[in-house]
Number of protein chains: 2
Amino acid sequence: MSLVRVHNFTISLDGFGTGEGLSLDAPFGHAGERLHEWMFATRWWRERTGEPGGNGGVDDAFARQFMPGIGAEIMGSGKFGYPGWHENPDWKGWWGPNPPFHTPTFIATQHTRPSIEMEGGTTFHFLNASPAEVLAAARKAAGDQDIRIGGGVRLLRDFLSARLIDHAHIVVSPILLSRGQRLWDGLEGLEQDYATESIASPSGVTHLTLTRRNQTG
Amino acid sequence: MSLVRVHNFTISLDGFGTGEGLSLDAPFGHAGERLHEWMFATRWWRERTGEPGGNGGVDDAFARQFMPGIGAEIMGSGKFGYPGWHENPDWKGWWGPNPPFHTPTFIATQHTRPSIEMEGGTTFHFLNASPAEVLAAARKAAGDQDIRIGGGVRLLRDFLSARLIDHAHIVVSPILLSRGQRLWDGLEGLEQDYATESIASPSGVTHLTLTRRNQTG
């Protein structure tokens, strides 16, 4: 059975996966791009953006697991667009004509619309359904490949809460945001169902891996 | 000038330094002793409690910095006793006749009482005063030695907020408590004044060190 995976999802030291004041001009609110600086500095990211250089250490080793073996992505309304995107009929996500998913991509949202076929293999499908139902649709599309859970915070929390995730790579960035959406809220005792590992990087971030115990996959 | 230090202060992955439901029978509430298991497993702790064995790795290296060079401790009402301890005239803290501080120990509390001299060099002094005022009293008592900030959560947060701490060793334990007192609340942007380092231990905890920039000491 294919696995349900999370990669490169970054939170602040105080647990916020996004800041306050999200808008078209500020996708992460007052957090800005600070949570993801570790990723922009990797060799993997530079390759994707056509820049030379980048770190080739542990940050890179984790970051580049984003793509291999993934056959579908699931994201929430909060990742797909700014608050109110559903009132914009032309909104096709943040990523331009060729989004970095290159697979069927399922968006869990109350505001459904017809599927949108983008360049490079990404097709956006909009589903108003439970996490388990969206996962079933994504599994079908992914074949024997894995499914990536992309976020935002609320969607990831819902999937963790339902124990639908097999492997999660969470990155803790050493900044304090104080405001926004907290990842860990309502997940008391998660460690009973997930084995955790912690790996500090010289860049200052800490990589956490959560691996579900008793995986059937 | 002597330094103001924090050692072995442990929080959950979601930032709680203590649980919910604190009482005489449950000093850390529903968290129980889970936050501090990493410490009980160190060679340092075993030496203190007269047990053989214990881990001698990175957890031990951090843990045993608790005592050397410390001339006074500051703690809050929330560390000294259970909620309501001030109504018990015989309360002398959790630690029995010979507390593990062995120095003058200043308790910041609205409920002052006469100083209590314990065995082994610990004397409890009770002050209803601001963090800076309590620190001034502790500095005087410590001479040229350092001052340890012992907690609880609120006191540590107040001292961090006032930038009165030079060096903090915070341990993140990979459990989710969901309820209790959060350390990082209200400390947005702390990283601008503190350099952080993160060190993962094979035991599963992560050691964070916060070192104040532009120290005068």
Side-chain angles (χ1 to χ4, degrees), chain A residues 11-17 19-21 29-32 34-35 37-38 58-59 62 153 157 160-161 163 168 170-211 213, chain B residues 11-17 19-21 29-32 34-35 37-38 58-59 62 153 157 160-161 163 168 170-211 213:
Chain A
I11 60 177
S12 62
L13 194 49
D14 49 348
F16 293 93
E20 198 178 66
H30 82 290
R34 287 179 290 159
L35 286 173
E37 279 168 10
W38 71 272
V58 64
D59 292 350
F62 273 107
V153 175
R157 203 162 51 202
L160 281 171
S161 181
R163 305 296 190 263
I170 311 284
V171 185
V172 181
S173 176
I175 62 174
L176 292 176
L177 290 175
S178 276
R179 299 170 283 138
Q181 293 173 29
R182 281 194 157 109
L183 176 60
W184 301 123
D185 277 8
L187 295 175
E188 180 179 347
L190 189 70
E191 70 276 6
Q192 291 165 22
D193 293 318
Y194 287 88
T196 61
E197 218 180 277
S198 173
I199 305 93
S201 165
S203 71
V205 304
T206 301
H207 298 273
L208 291 176
T209 59
L210 282 68
T211 304
R213 306 181 199 275
Chain B
I11 60 177
S12 62
L13 196 49
D14 50 350
F16 293 92
E20 198 178 66
H30 83 291
R34 287 178 291 159
L35 286 174
E37 278 167 10
W38 71 272
V58 65
D59 292 350
F62 274 107
V153 175
R157 201 162 52 202
L160 281 171
S161 181
R163 305 297 191 263
I170 311 284
V171 185
V172 181
S173 176
I175 62 174
L176 292 176
L177 291 176
S178 276
R179 300 169 282 139
Q181 293 172 31
R182 280 193 156 110
L183 176 60
W184 302 122
D185 276 8
L187 294 175
E188 180 179 347
L190 189 70
E191 70 276 6
Q192 291 166 22
D193 293 317
Y194 287 87
T196 61
E197 220 180 275
S198 174
I199 306 94
S201 164
S203 72
V205 303
T206 301
H207 299 274
L208 291 176
T209 59
L210 283 70
T211 303
R213 305 183 200 272

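The shown structure was predicted, so the numbers you read here are calculated from the model rather than taken from an experiment. Each chain gets a letter, A, B and so on, in the order its sequence line appears, and its residues count up from 1.
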Q: Among residues two or more places apart or on two chains, list those pairs meeting salt bridge (charged side-chain N to carboxylate O under 4.0 Å, His left out) that have a residue in residues 173-184 of chain B.
A: A/Asp185-B/Arg182, A/Glu188-B/Arg179, B/Glu20-B/Arg179

**Q.** Interchain contact, B/Ser198 with chain A, by part (heavy-atom threshold 4.5 Å)
**A.** both

Q | Which atoms of B/Leu177 approach chain A - backbone, side chain, both or neither, heavy atom under 4.5 Å | A | backbone

Q) To the nearest 0.5 Å, what is the distance between CD1 (B/Ile199) and CD1 (A/Ile199)? A) 14.5 Å

Q) Between A/Leu176 and B/Leu187, what is the shortest heavy-atom contact and its length? A) CD1-O, 3.3 Å

Q. Any side-chain heavy-atom pair from A/Leu13 and B/Leu208 closer than 4.5 angstrom?
A. yes

(Q) If I measure from the heavy atoms of chain A, does B/His207 come under 4.5 Å with its side chain, its backbone, both, or neither? (A) neither

Q: Look at A/Leu210, A/Ile175, A/Asp14 and state which one has the largest set of heavy-atom pairs under 4.5 Å with chain B.
A: A/Ile175

Q: Please name the pair of heavy atoms, one in A/Gly186 and one in B/Ser178, separated by the smallest distance, quoted to 0.1 Å.
A: N-OG, 3.8 Å

